[in-house]
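All of these numbers come straight from a predicted model, not from anything done at the bench. Numbers here are sequence positions counted from 1.
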Amino acid sequence: MRPDVEAAKADIEQTIGLLRRRLDWEPALRKLDELDAKSEDPTLWDRPTEAQALMRERQQLADRVGAVKSLERELNDALEYAEMADAESDEESLNDARQQLAGLRARAARAELLALLSGEADGNDCYVEINSGAGGTESCDWANMLLRMYSRWAQAHDMSVEIIEETGGDTAGIKSATLQVKGANAYGWLKTEAGVHRLVRISPYDSSARRHTSFASVWVYPVVDETIEIDINPSDVRTDTYRASGAGGQHINKTDSAVRLTHLPTGIAVACQTGRSQHQNRDEAWKMLRARLYEAELQRREAAAQAIEDQKTDIGWGHQIRSYVLQPYQMVKDLRTNVETSDTDGVLDGDLDEFMGAALAQRVGATRDAVEG
């Protein structure tokens, strides 16, 4: 077999082996059989919440097992094709086999990244909270640009986006906004975006056309379904109501329908203003608060570098995870992974997969070292 074919075979087999070990292959197959049997129980849907959780778990496991089996099957087919082509000195067919192996390599790398999305809440929908930081009007405009960027990313991945809360800036842009992103592995992907984002550009609000640096923070936390219990003492929560801002007609501007909840022991606060009534906004705000407290617990369990509220204390220099430079040159660089691109327009239009993939790939490398070491 040709050396390049051998190299591709070894690389793909290494990834398949890692995927099997991460899945704990034999127990995973038994678990899938068990979930299949439970899903066929005619009484399952008498308990809708339990049924939805079971079907989601089953689908996620089936997708991961199916991906490994598909890679193994297609690798064997491509290797047989390459061996036949090599034996017959058929260079055209051998090149076809090389292309198949290159495609399999890319799919294996993608599967390796997806294998990381096996955290307790990675498959859940999520909230994305954006806050403007140092920089005044310029930072409010930057926060609005991030709102658009994440909305476009989600839409490109067939996810839906709903604005839960939005507070406009004094002159332009937004001071803050909270999105709910719904889709497969929404939290697993978007959690890599949490942190401070820095923009450098010629300000459109500066008549002298000077270069400005602005900051905004992004915080991501999973939507908590009914199967996850989060106990909150109502006496620990302060409720404030206020008039919703923005579009909405007479009703939204004349009634105190917006709701803000503050969890006093942690200082975590959430707000919702998109519902037509205070009751609707209160219900959504409680869901958001449960999600925030659950995410804070995940952070503690995973020994995050800093607690969320500690990170929020300084949205500015020295705390950014990514820089977006539009002047004097064009470059977006992630300071955690060193991934960079000059396609600033593409990134701001939602092309974030390279950055998200690199952040997950860091964990893949650590996992590979741990498994093979």
Side-chain angles (χ1 to χ4, degrees), residues 126-157 161 163-179 181 189-221 246 305-306 308-359 362:
C126 69
Y127 297 106
V128 179
E129 179 184 319
I130 301 169
N131 292 283
S132 62
T137 297
E138 181 71 14
S139 284
C140 288
D141 191 49
W142 173 223
N144 197 45
M145 292 167 66
L146 289 174
L147 171 64
R148 177 184 180 277
M149 182 178 77
Y150 289 117
S151 297
R152 295 298 296 269
W153 177 85
Q155 291 161 2
H157 290 77
V161 177
I163 297 179
I164 301 297
E165 182 274 336
E166 182 176 344
T167 301
D170 294 333
T171 303
I174 58 172
K175 291 181 179 177
S176 67
T178 302
L179 312 176
V181 180
W189 287 112
L190 283 165
K191 69 181 181 182
T192 64
E193 293 297 296
V196 176
H197 297 245
R198 168 178 172 255
L199 173 70
V200 179
R201 68 170 177 175
I202 300 297
S203 172
Y205 306 101
D206 187 335
S207 58
S208 300
R210 291 172 294 187
R211 194 164 71 243
H212 285 242
T213 298
S214 310
F215 299 90
S217 64
V218 176
W219 315 106
V220 184
Y221 43 103
Q306 291 177 307
I308 294 175
E309 294 306 313
D310 289 338
Q311 292 178 7
K312 285 190 174 183
T313 58
D314 190 355
I315 306 175
W317 286 103
H319 297 265
Q320 64 267 17
I321 63 167
R322 190 177 301 148
S323 289
Y324 305 70
V325 180
L326 306 186
Q327 291 288 343
Y329 54 89
Q330 294 196 331
M331 181 68 68
V332 179
K333 181 173 182 177
D334 195 292
L335 305 180
R336 301 164 299 177
T337 62
N338 290 323
V339 169
E340 60 183 47
T341 178
S342 59
D343 182 16
T344 55
D345 288 342
V347 171
L348 293 174
D349 202 37
D351 186 5
L352 297 168
D353 288 357
E354 183 178 7
F355 293 100
M356 292 179 177
Q362 277 191 330

Counting C-beta onward and ignoring hydrogens, is there a side-chain heavy-atom pair between [X] and [Y] closer than 4.5 Å?
{"X": "I174", "Y": "C140", "answer": "no"}
{"X": "L335", "Y": "Q320", "answer": "yes"}
{"X": "V196", "Y": "I321", "answer": "no"}
{"X": "V200", "Y": "L326", "answer": "no"}
{"X": "V181", "Y": "Y127", "answer": "no"}
{"X": "W219", "Y": "V128", "answer": "no"}
{"X": "M331", "Y": "T341", "answer": "no"}

Just verifying a value: how many Å separate [X] [atom1] and [Y] [atom2], rounded to the nearest 0.5 Å?
{"X": "I130", "Y": "N144", "atom1": "CD1", "atom2": "CG", "answer": "8.5 Å"}
{"X": "L199", "Y": "S214", "atom1": "CG", "atom2": "OG", "answer": "5.5 Å"}
{"X": "S176", "Y": "E166", "atom1": "OG", "atom2": "CD", "answer": "8.5 Å"}

**Request:** Would you confirm whether S139, through its side chain, and F215, through its main-chain N or O, come within 3.5 Å as a donor-acceptor pair?
**Result:**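 Yes, the answer is positive, given that a donor and an acceptor are paired below the 3.5 Å cut-off.
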Regarding [X] and [Y], is there a side-chain donor-to-acceptor distance under 3.5 Å anywhere?
{"X": "S151", "Y": "W153", "result": "no"}
{"X": "N338", "Y": "E340", "result": "no"}
{"X": "Y150", "Y": "E193", "result": "yes"}
{"X": "S342", "Y": "Q330", "result": "no"}

**Prompt:** Out of V339, D334, T337, which residue meets the side-chain contact (heavy atoms from CB on, under 4.5 Å) rule with R322?
**Reply:** D334
**Asked** Which atom names give the shortest non-hydrogen contact between V161 and A154, and what distance separates them?
**Response**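 For V161 versus A154, the nearest heavy atoms are CG2-CB, 3.5 Å.
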**Fill in**
In short, A216 meets L146 closest at the heavy-atom pair CB-CD1, 3.6 Å
**Prompt:** Of E138, H212, Q327, which meets side-chain hydrogen bond (donor to acceptor under 3.5 Å, both in side chains) against S203?
**Reply:**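 Single pass found, and it is E138.
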**Message:** Testing T344, D141, T213 one by one against R201 for a side-chain hydrogen bond (donor to acceptor under 3.5 Å, both in side chains), which residue passes?
**Reply:** D141
**Item:** By salt bridge (Lys or Arg N to Asp or Glu O under 4.0 Å) - contacts of D349 (at least two apart)
**Value:**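 Partners of D349 by the salt bridge (Lys or Arg N to Asp or Glu O under 4.0 Å) criterion, ordered by chain and then number, come out as R148, R152.
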With sequence neighbours excluded, what pairs up with [X] under the side chain to side chain donor-acceptor pair (under 3.5 Å) test?
{"X": "D351", "result": "none"}
{"X": "R211", "result": "none"}
{"X": "S323", "result": "R198"}
{"X": "D170", "result": "K175"}

**Residues forming a ring-ring contact (aromatic ring centres under 6.0 Å, His included) with W142, sequence neighbours excluded** = Y324
**Message:** Between V218 and E129, is the side chain to side chain contact (heavy atoms under 4.5 Å, CB included) condition met? List the steps.
**Reply:** CA-CA 6 Å; V218 176; E129 179 184 319; over 6 Å; no
